[in-house]
Amino acid sequence: MTDRRFQHLWSYQKAKKVTRREKFLLAVLVIAGIASILRMGEWWFRSEHVGNVALFLVLSLVFWYGMTRLVIIWVNYLKIGNPKKIEAPQNLKVAIFTTSSLGEPLSMFEKTLEACSKITYPHTTYLLDDTQDPEFRKVAEKYGAVWLELVGLPGAKAGKINAALSKTTEDFVLVLDPDHIPFPNFLDEVLGFFNDPEVGYVQVSQGYYNQYRSFTALAAAEQTYTFYGPTQMGMHGYNCAVVIGANCTFRRKALESAGGHGVGLAEDLVTAIRIHAQGWKSIYHPVIVARGLVPEDFGSFCKQQLKWARGVHEVLFDEVPKLFKKLSFWQKLSYLTIGTYYLEGFTTLIYLLIPFLYFWTGILPAQMSFLEFVTHGFPIVFFSTSIYLYVQRWLCDPKTERGIHWRGMIMKFACWPVFFLGFVLSLLNKKIPYIPTAKQAVIGGVSPFAKPLLVQLVIFLLTLGTVMYQRIWVLSEVELLSTAEITYGMLFFALIPFFMAVCSMYAVWESGRLEVASPWEQVNLNQIKHGKKEVNHP
């Protein structure tokens, strides 16, 4: 590990307290940001801006979908909160569930189970195993865990959790992904919140320890920082913090009232919405008391995103309509917003097509001045960036997590074909298997997920060559002057995704040159700092 930013990862981290002054300044930024969007709206919908009516409607839907999501995120931040820790009561009956699947490295489980054995609050750890490998049982017993063989159950991870619930009696269950290494004080941080009998689950932040391994790994981590920090803290304020798949502690009664752990590609989101629908409260406690893995190679990252895209749409189409009436207003809005996140694959495709539609057919969805668009759009960019950077004061680990997160933006763009595919599969109701995310880099040839990006690059270069040829050799001086602004404006809009695609191809190239490693083997559990001294952030 060479980057000094990552040398403190095994210290206890928590988000700073939220003060009234900070929330007031945040409200000022949000009001200014919303005003800039309203100003854009007044300009956007002027009648003289309508080009092709049908395409203008499509463009408007796509553009204002994005603006609406932005406003919802900002308003969510206004309820940002950091619950005060409550001391864990004694003598609670607590279980830790971690699951194993065929092909996952045994040495990873050895590290995780050893870490579970060092958790200070009395508990029982269960390894829910379907590998049919006797070595997994030996490792479980070595560290005092109970080995449960659960082979061939439907529902993948969730199926094993539900089967284990029927075989155990503990009142509280921590679901821990096997690639996450818990700190000894994990349960001490969460169990006190269950003093409130209405609390159904307590979710803590999610941190990582292998993001230094590659461009893809750091990008994957960057995409999560704000969501697992300020966004979830705001959702906590509205009682709609969601389960994020790992590091969530449930009240058994809450799980049972929801019919058990949700089954599906987005089983965490299914579980959260069902528990909320039953009237339980959720707590988001922004502390890092475990660290896990992110995908290290481009292909593994895209497979994870496809699974999530298909799974989230599953929730949108199946769960939200059934439970809509049982949710609070903000819970409804939150689950709709999360459920439509991966529509960005469709919206990105529309944005990509518009410049090429003009260059190849001359059709314009809107008759807007490029300079006027920039003038009205710049304040939105300014305030959205300002708000994004401002709320980073409430990240759990700002030393590592602060920044523009440009790698995360690049990889988000790189996944637009994946998001779009997930959306199409949802519309067609096509299922894809639940496959655990790779715990080590998968080395091979060029990922098939990179092919749409290569096509995009080729189309841009061909179009650029054609446009330059026409402007140098074909068009008259009058035509050059009359089309200059729209042509160069469209080239600018096409150049941005071209640049993003080029950067994405670096991640593809790098993925083929990674060395396979087992990052958990470098973790010294005795160096985890989890005492009463908390890391205070400025």
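Please read all numbers here as calculations on a predicted model, not as lab measurements.
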Where [X] and [Y] come nearest, the two heavy atoms and their spacing:
X: Gly33; Y: Trp74; value: C-CZ3, 3.3 Å
X: Ala27; Y: Leu78; value: CA-CD2, 3.7 Å
X: Phe193; Y: Lys85; value: CZ-CA, 4.0 Å
X: Gly155; Y: Val263; value: CA-CG1, 3.6 Å
X: Leu128; Y: Lys160; value: CD1-O, 3.6 Å
X: Ala220; Y: Val294; value: CB-CB, 4.0 Å

Taking the side chain as every heavy atom from C-beta outward, state whether [X] and [Y] have any pair of such atoms under 4.5 Å apart.
X: Asn162; Y: Leu165; result: yes
X: Val30; Y: Phe383; result: no
X: Leu174; Y: Leu187; result: yes
X: Thr112; Y: His180; result: no
X: Leu26; Y: Val391; result: yes
X: Lys325; Y: Leu327; result: no
X: Lys332; Y: Phe329; result: no
X: Leu92; Y: Tyr121; result: yes

Next item on the list: Under the salt bridge (Lys or Arg N to Asp or Glu O under 4.0 Å) rule, what do Arg251 and Asp171 come out as? Steps first, then yes or no, please.
Entry: CA-CA 6 Å; Arg251 188 188 298 271; Asp171 297 317; over 6 Å; no

Notebook entry, point to check: Should Arg291 and Asp179 count as an ion pair when the cut-off is N to O under 4.0 Å?
Noted result: no

Check: Is the closest basic N to carboxylate O distance between Lys281 and Asp196 below 4.0 Å?
Finding: yes

Check: Which pairs, with at least one residue in residues 297-327 and sequence neighbours excluded, count as a ring-ring contact (aromatic ring centres under 6.0 Å, His included)?
Finding: His313-Phe423

Per the side chain to side chain donor-acceptor pair (under 3.5 Å) rule, what does the pair list look like for [range], sequence neighbours excluded?
range: residues 262-273; answer: His261-Thr271
range: residues 55-68; answer: Trp44-Ser60
range: residues 21-38; answer: Lys16-Glu22, Thr19-Glu22, Glu22-Arg393

Ignoring hydrogens and geometry, is there a side-chain-to-backbone donor-acceptor pair from [X] to [Y] under 3.5 Å?
X: Arg407; Y: Phe215; value: no
X: Asn52; Y: Leu55; value: yes
X: Gln331; Y: Cys240; value: no
X: Gln456; Y: Pro497; value: yes
X: Arg274; Y: Leu323; value: no
X: Gln211; Y: Leu218; value: no
X: Thr348; Y: Trp416; value: no
X: Ser447; Y: Phe449; value: yes
X: Ser384; Y: Val381; value: yes
X: Thr98; Y: Leu176; value: yes

Count the heavy atoms of every other residue, nucleotide or ligand shown that sit under 6.0 Å from [atom1] of [X], and state whether that count exceeds 12.
X: Phe499; atom1: CZ; answer: no
X: Lys307; atom1: NZ; answer: yes
X: Phe227; atom1: CZ; answer: yes

So how far is it from [X] [atom1] to [Y] [atom2], rounded to the nearest 0.5 Å?
X: Leu453; Y: Met500; atom1: CG; atom2: CE; answer: 11.0 Å
X: Cys116; Y: Ile96; atom1: SG; atom2: CD1; answer: 4.5 Å
X: Asp297; Y: Thr216; atom1: CG; atom2: OG1; answer: 7.0 Å
X: Tyr77; Y: Trp394; atom1: OH; atom2: CH2; answer: 10.0 Å
X: Ile72; Y: Asn76; atom1: CD1; atom2: CG; answer: 9.5 Å
X: Leu316; Y: Tyr341; atom1: CG; atom2: OH; answer: 15.0 Å

Notebook entry, point to check: Which residues satisfy the ring-ring contact (aromatic ring centres under 6.0 Å, His included) test with Tyr284, sequence neighbours excluded?
Noted result: none

Margin query: For Phe97, give me all partners under ring-ring contact (aromatic ring centres under 6.0 Å, His included), at least two apart in sequence or on another chain.
Written below: Tyr126

For [X], give me all partners under salt bridge (charged side-chain N to carboxylate O under 4.0 Å, His left out), at least two apart in sequence or on another chain.
X: Lys431; answer: Glu314
X: Arg252; answer: Glu256
X: Glu104; answer: Lys439

Looking just at side-chain N and O atoms, do [X] and [Y] make a donor-acceptor pair shorter than 3.5 Å?
X: Ser47; Y: His49; result: no
X: Glu198; Y: Trp280; result: no
X: Thr340; Y: Arg69; result: yes
X: Glu189; Y: Tyr12; result: yes
X: His236; Y: Ser282; result: no

Next item on the list: Check the pair Phe373 / Phe493 against ring pair (Phe, Tyr, Trp, His ring centres under 6.0 Å), numbers first and verdict last.
Entry: CA-CA 12 Å; Phe373 177 82; Phe493 285 125; 5.6 Å; yes

Sequence neighbours excluded, which residues qualify as side-chain hydrogen bond (donor to acceptor under 3.5 Å, both in side chains) partners of [X]?
X: His376; result: none
X: Gln203; result: none
X: Asp177; result: Lys157

Check: So, for His276 and Tyr201, is the gap between ring centers shorter than 6.0 Å?
Finding: yes

